[in-house]
Amino acid sequence: MEYNFRDIEKKWQQRWVEQKTYQVSEKSDRQKFYVLNMFPYPSGAGLHVGHPLGYIATDIYARFKRLQGFNVLNPMGYDAYGLPAEQYAIQTGQHPEVTTMQNINRYREQLDKIGFCFDWDREVRTCDPGYYHWTQWAFQKMFNSYYDNDLQKAQPIEQLISHLESKGTEGLNVAESESLVLTADEWNGMDEKQKSDTLMNYRIAFMGETMVNWCAGLGTVLANDEVVDGVSVRGGYPVEQKKMRQWCLRVSAYSQRLLDGLDTINWSDSIKETQRNWIGRSEGTEVEFQVADSDKHFTIFTTRADTMFGVTFMVLAPESELVKELTTPEQKAAVEEYVKYVAGRTERERQIDHKVTGVFSGSYAINPFTGEKNPIWISEYVLAGYGTGAIMAVPAHDSRDYAFAKHFNLPIIPLIEGCDVSEESYDAKEGIVCNSPREGVTPYIDFSLNGLTIKEAIAATKVYVKEHKLGRVKVNYRLRDAIFSRQRYWGEPFPVYYRNGIPTMMPEECLPIELPEVDKFLPTETGEPPLGNAVCWAWDEANRRIVDNKLIDNKTVFPIELYTMPGFAGSSAYYLRYMDPHNDKALVSEEADSYWQNVDLYVGGSEHATGHLIYSRFWNKFLFDLGISRKDEPFQKLINQGMIQGRSNFVYRIKDTNTFVSLGLSKGYDVTPIHVDVNIVSNDILDVEAFKAWRPEYNNAEFILEDGKYVCGWAIEKMSKSMFNVVNPDMIVEKFGADTLRMYEMFLGPVEQSKPWDTNGIDGCHRFLKKLWGFFFDREGNLQLADAEPTKDELRSIHKLIKKVTEDIENFSYNTSIAAFMICLNELGQLKSRNRQIMEQFVILMAPFTPHLSEELYEVLGHATSVCDAQWPSFNEDYLKEDSVKMMISFNGKARFPMEFPADADNASIEKAVMENPQTAKYMEGWVLNKIIIVPKKIVNVVLKK
RNA sequence: GCCGAAAUGGUGGAAUGGUAGACACGAGGGACUUAAAAUCCCUUGGGCAUAACGCCUGUGUGGGUUCGAGUCCCACUUUCGGUACCA
């Protein structure tokens with residue numbers, strides 16, 4: 001009887017739904033296990049074979065854990081807000097909700113065919129009001145919180161307000177945009193608007209006037225991780241820097257906790273390292289510089305405090321507030337022109353050419369160590385957003401300062417003994433300090449670094465600076481606050497209205513504030529975001545509801561925020577929502593949260609390292625501070641599945657003809673390689689007739705064949721429609737079945753590794769499943785199992801498998817456990833085994849990989865319950881013991897011949913047997929025995945000397 | 001530039017410091033069949049042999065540690081990710 005995978009898979013998929021096999025509840029005595037995939041954005045193109053890779057890996061682990069007795073949560077949902085749906089809406093007028101729902105349905109259809117054990121009752125969609133209710137809610141909580149640096153924790157804003165009321169900013173150690181100094185009287189004397197503006201300096205969700213990545217092509221601002229190489233990740237439009245009023249999240253407040261938390265979680269070193277770099281902690285010193293002939297002063301940040309004596313000029317960022325202040329009247333025109341030039345440069349231009357540009361401000365700063373007057377320059381190589389936006393330049397020991405000094409002919413003072421700075425700067429942090437101060441120069445201060453190592457010099461300078469109140473030790477982080485508003489339609493609306501220009505939160509009980517309908521998805525004619533097109537988008541404060549715009553009177557009816565939230569808003573806490581997805585009273589109930597805790601295993605691509613995986617950790621830490629989330633870190637273990645690349649095929653057309661020449665013969669011709677649809681190529685052999693039918697222009701194509709076949713070339717490229725190398729999982733399921741697809745995707749190689757999809761090898765897995773089927777049934781369909789007690793050989797074979805598969809699944813080494821299945825089945829085949837007990841264990845071991853087939857065979861074996869509720873077999877070491885062991889005899893490390901010994905042979909008897917073996921004498925000729933090294937069950941190495 | 005990962009047959013990939021190339025694909029040969037499909041068996045890193053199934057060589061390159069190195073150490077080359085005027 002044939003292995004009819006179509007009927008089997010259909011039958012079990014139906015039964016799983018009917019019997020709610022995958023429904024889980026937190027009301028369980030069993031230990032919990034939470035596995036999670038990064039939920040997909042449902043794109044219009046549907047799933048290709050690369051998408052399910054991570055889902056299958058997770059599914060196998062989830063099923064394995066369930067068989068081991070855990071109560072496993074394995075949910076799935078959709079990250080449904082996003083740009084592509086909106087772009088499509090702008091082009092076609094189709095509402096993004098309509099296309100999004102279509103795409104979701106298509107995804108679901110495709111996912112259902114692969115046989116996942118998702119609990120679909122827990123599905124979430126970020127665009128669902130019941131879901132984004134809690135996104136809005138969290139935003140309001142962030143608005144109403146500030147970050148206390150002493151407690152390292154978010155606190156209610158009311159506490160800060162009462163502090164300001166009684167003490168002003170005195171004794172305040174909190175995360176802030178800029179450090180303000182206020183007395184209690186000053187605070188109490190402020191009007192409502194001033195107070196609101198001041199609090200924005202402290203709120204965790206705040207409105208700030210900041211430099212943003214403005215993408216004109218998309219008509220919106222973007223977060224740093226959404227910009228790569230100066231262009232937008234989506235669409236590749238140029239991005240420029242622009243100062244705009246935006247909602248921001250004070251992610252930077254959590255920098256240290258985000259850094260420290262990395263040590264407590266089980267993620268790959270490379271991802272942790274990427275996050276550490278992104279957070280970019282740097283310990284340094286802030287030093288005050290007095291401006292010459294003026295009472296003005298400013299602060300710089302440096303990690304090289306040891307180089308104070310080598311400063312020859314100062315540099316300000318062109319966007320710095322200091323520029324205006326320090327420019328002298330004579331230089332005003334030149335500086336203004338330069339600032340204008342820099343403003344006109346896009347991010348991309350700045351990144352591509354590092355041109356040395358700059359202008360002199362006219363002012364000088366007094367070096368507190370040397371007393372020298374250093375000219376203050378303005379240059380784009382200093383960034384406004386990092387440190388203080390001002391630096392001290394030490395051209396001898398910083399390559400950027402060096403290039404600048406060379407270009408503008410500024411002095412260069414070497415500070416390390418023996419370093420040569422005639423051609424380039426000496427950036428290394430090694431050597432002995434000299435010229436600090438220089439010989440022959442009257443010391444300005446009583447302080448010398450000469451003779452110290454750089455490390456010592458940095459430490460000594462820090463102490464000096466602190467003691468003499470010249471500055472302070474400071475830790476800087478590269479991590480920036482996240483820009484949290486987007487000028488788009490298809491996102492979560494802000495639950496905020498403007499009460500006389502003051503951003504005001506709508507009452508918590510009124511959430512969710514639903515996304516209004518608009519007739520156009522483009523910005524309004526006056527340049528407002530798309531929500532400006534909404535007719536019904538005003539807040540009636542008294543009646544606490546949304547009303548028509550026309551009613552706005554700014555007395556009782558006020559305008560509502562037109563911005564929407566960015567993509568990461570909805571994806572930051574979705575793992576909590578899965579625990580309790582239908583709760584309309586809370587993000588997650590205490591009961592569900594304390595049972596499920598956090599995600600034990602998270603699987604997704606490493607491209608989210610500096611985006612989602614930072615935001616999510618931040619968001620979770622905030623909720624942890626609020627007592628909502630139980631764990632400080634949301635994802636305990638992270639596996640980054642590799643990308644599935646495409647394997648493209650090429651045909652070779654001889655130039656200016658319609659003749660195609662096979663790969664092996666193409667060298668003799670002048671040919672153009674042309675991508676050909678991989679679906680009409682099999683094992684690199686082109687289906688010539690299908691090719692002719694593929695495109696009209698190939699109707700009358702001619703071919704030069706080799707051995708009667710047309711062999712195609714191939715290359716590994718990104719999987720994309722334009723390369724004709726997209727392989728769809730539905731087609732594979734249709735042809736080979738879901739179990740084969742699941743198995744083959746895992747057989748391709750380690751989950752974490754990127755690899756090309758090659759349909760060619762799938763036959764091997766399919767054949768294996770057919771073979772397994774053949775173990776149960778003969779040609780006529782009669783069950784051919786024996787009820788006998790298993791033999792020793794059978795037991796050894798299956799227990800070897802149990803051991804291997806159990807260990808491999810724990811290590812996500814799925815490809816090797818599949819190999820083990822194949823080996824075991826071959827062994828059982830050689831033993832002519834049809835033992836019922838053995839096969840039952842085999843079927844259970846296979847269940848995570850091939851759930852449909854395992855269910856069917858489990859039923860055939862006479863079980864009325866699902867194989868999901870079977871018990872994972874445990875192995876017995878006793879069965880693994882062999883009667884005899886084969887060992888390789890080697891001489892001086894070179895393997896020579898094998899010998900067999902009784903399993904319990906001791907070293908002495910092995911040595912004796914080896915030395916008595918006639919072959920040994922041959923290899924020992926001309927040598928003297930030195931020693932014999934015996935590696936149990938592996939090798940006997942006879943070490944010889946002359 | 002900096003950080004990270006990797007490099008093994010025609011291909012995907014296996015190898016707690018212990019017979020390198022498991023398992024699979026592909027390829028070649030054979031069996032069954034009128035034929036094809038399906039299935040099964042044999043061979044398959046390279047070279048030299050094939051009278052003697054034996055010898056040599058082989059995991060990016062060059063060194064080192066070790067009785068023994070794909071694996072550990074040092075230097076280099078290449079590839080792929082990430083990141084970048086972050087002071």
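Note on naming: letters A, B, ... go to the chains in the order of the sequence lines (proteins, then strands), and numbering restarts at 1 for each one.
- Partner A:Lys800 forms a salt bridge (Lys or Arg N to Asp or Glu O under 4.0 Å) with one of A:Glu877, A:Glu827, A:Glu882 and no other, that one being A:Glu827.
- Nucleotide B:rG70 is matched to nothing when pairs are restricted to Watson-Crick or G-U wobble geometry with both distances under 3.5 angstrom.
- With a cut-off of 3.5 Å on both Watson-Crick or G-U wobble distances, the partner of B:rA14 is given as none.
- By the rule that a glycosidic angle within 90° of 0 means syn, B:rG13 does not qualify and counts as anti.
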Report task. Before giving the answer on salt bridge (charged side-chain N to carboxylate O under 4.0 Å, His left out), spell out for A:Arg647 and A:Asp684 the whole-Å C-alpha distance, their side-chain angles and the decisive distance to 0.1 Å. Result -> CA-CA 10 Å; A:Arg647 189 179 187 278; A:Asp684 293 336; 2.9 Å; yes

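- Nucleotide B:rG21 forms no Watson-Crick or G-U wobble pair with any nucleotide shown, as no partner meets the under 3.5 Å limit on both distances.
- Side-chain N or O atoms of A:Asp398 include none that pairs as donor or acceptor with a backbone N or O of A:Val394 at under 3.5 Å.
- The nearest whole Å value for the distance from the NZ atom in A:Lys474 to the P atom in B:rC86 is 18 Å.
- Under the Watson-Crick or G-U wobble criterion, with both distances below 3.5 Å, B:rG58 is left unpaired in every strand shown.
- Counting only heavy atoms from C-beta outward, the side chains of A:Leu613 and A:Met38 approach each other to under 4.5 Å.
- Across B:rG45 and B:rA22, the matching P atoms stand 8 Å from one another, rounded to whole Å.
- Qualifying ring-ring contact (aromatic ring centres under 6.0 Å, His included) partners for A:Phe891, counting only residues two or more places apart in sequence or in other chains: A:Tyr923.
- Pairing of B:rC53, defined by two Watson-Crick or G-U wobble distances under 3.5 Å, is not identified with any nucleotide.
- Contacts of A:Arg480 with the nucleic acid, taken as non-hydrogen atoms under 4.0 Å apart, include base atoms.
- With both ends at atom C1', the span from B:rU16 to B:rC72 equals 14 Å, rounded to whole Å.
- Comparing B:rU83 with B:rG70, their C1' atoms sit 31 Å apart, to the nearest whole Å.
- A tilted orientation is assigned to the rings of A:Phe404 and A:Tyr381, their planes being inclined by 30° to 60°.
- The nucleotide B:rC80 finds its pairing partner in B:rG4, both defining distances of the Watson-Crick or G-U wobble pair being shorter than 3.5 Å.
- Rounded to whole Å, the P atom of B:rA20 lies 29 Å from the corresponding atom of B:rA75.
- You'll find that the side chain of A:Val943 is closest to B:rC67, out of B:rC86, B:rU57, B:rC67.
- Rounded to whole Å, the separation between the P atoms of B:rU43 and B:rU34 comes to 28 Å.
- Residues A:Asn476 and A:Arg478 are not in side-chain contact: their nearest non-hydrogen atoms beyond the backbone lie 4.5 Å or more apart.
- With respect to the salt-bridge test (charged N to carboxylate O, under 4.0 angstrom), the residues A:Asp269 and A:Arg276 do not qualify.
- Of the C1' atoms belonging to B:rG28 and B:rU79, the separation is 33 Å, rounded to the nearest Å.
- The residue among A:Glu607 and A:Thr357 whose nearest nucleotide of RNA chain B is located toward the 5' end is A:Glu607.
- Toward the 5′ end of RNA chain B lies the nearest nucleotide of A:Ser270, the other residue of the pair A:Ser270 and A:Lys931 mapping further downstream.
- Across the C1' atoms, B:rG17 and B:rU71 are found 7 Å apart, a figure rounded to whole Å.
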Report task. Would you sort out whether A:Ser282 and A:Tyr386 count as a side chain to side chain donor-acceptor pair (under 3.5 Å), showing the intermediate values? Result -> CA-CA 11 Å; A:Ser282 97; A:Tyr386 184 76; 3.1 Å; yes

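- The separation of B:rG18 from B:rG13, taken at their P atoms, amounts to 23 Å, rounded to a whole angstrom.
- Protein atom CG of A:Asn930 is 14 Å distant from nucleotide atom C1' of B:rU66, rounded to whole Å.
- Note: NZ (A:Lys272) to C1' (B:rG82) measures 17 Å, nearest angstrom.
- Contact of the A:Lys755 side chain with the A:Leu53 side chain is registered, since non-hydrogen atoms from C-beta on lie closer than 4.5 Å.
- When the P atom of B:rC3 is taken as reference, atom CD1 of A:Ile279 falls 18 Å away, rounded to whole Å.
- Results of the ring pair (Phe, Tyr, Trp, His ring centres under 6.0 Å) test with A:Tyr744 over A:Trp757, A:Phe736, A:Phe849 single out A:Trp757 as the only residue that passes.
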Report summary line: With B for base contact, S for sugar-phosphate-only contact and - for none (protein heavy atoms under 4.0 Å), nucleotides 12-38 of chain B reads BSSSB-BB--BBSSS-----------S

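- Taking a pair to require two hydrogen-bonding distances under 3.5 Å in either a Watson-Crick or a G-U wobble arrangement, B:rG26 pairs with B:rU44.
- With rounding to whole Å, A:Ile639 atom CD1 is found 16 Å from B:rA5 atom P.
- Only A:Tyr386, A:Ile391, listed by number, bring a heavy atom of residues 384-395 of chain A to less than 4.0 angstrom from any atom of RNA chain B.
- Separating the CD atom of A:Gln830 from the P atom of B:rC40 is a distance of 13 Å, rounded to the nearest angstrom.
- At whole-Å resolution of the value, CH2 in A:Trp267 and P in B:rG82 are 17 Å apart.
- Just one of A:Phe775, A:Tyr814, A:Phe842 meets the ring pair (Phe, Tyr, Trp, His ring centres under 6.0 Å) condition when paired with A:Phe821; it is A:Phe842.
- Put simply, CG on A:Asn892 is 11 Å from P on B:rA69, counting in whole angstrom units.
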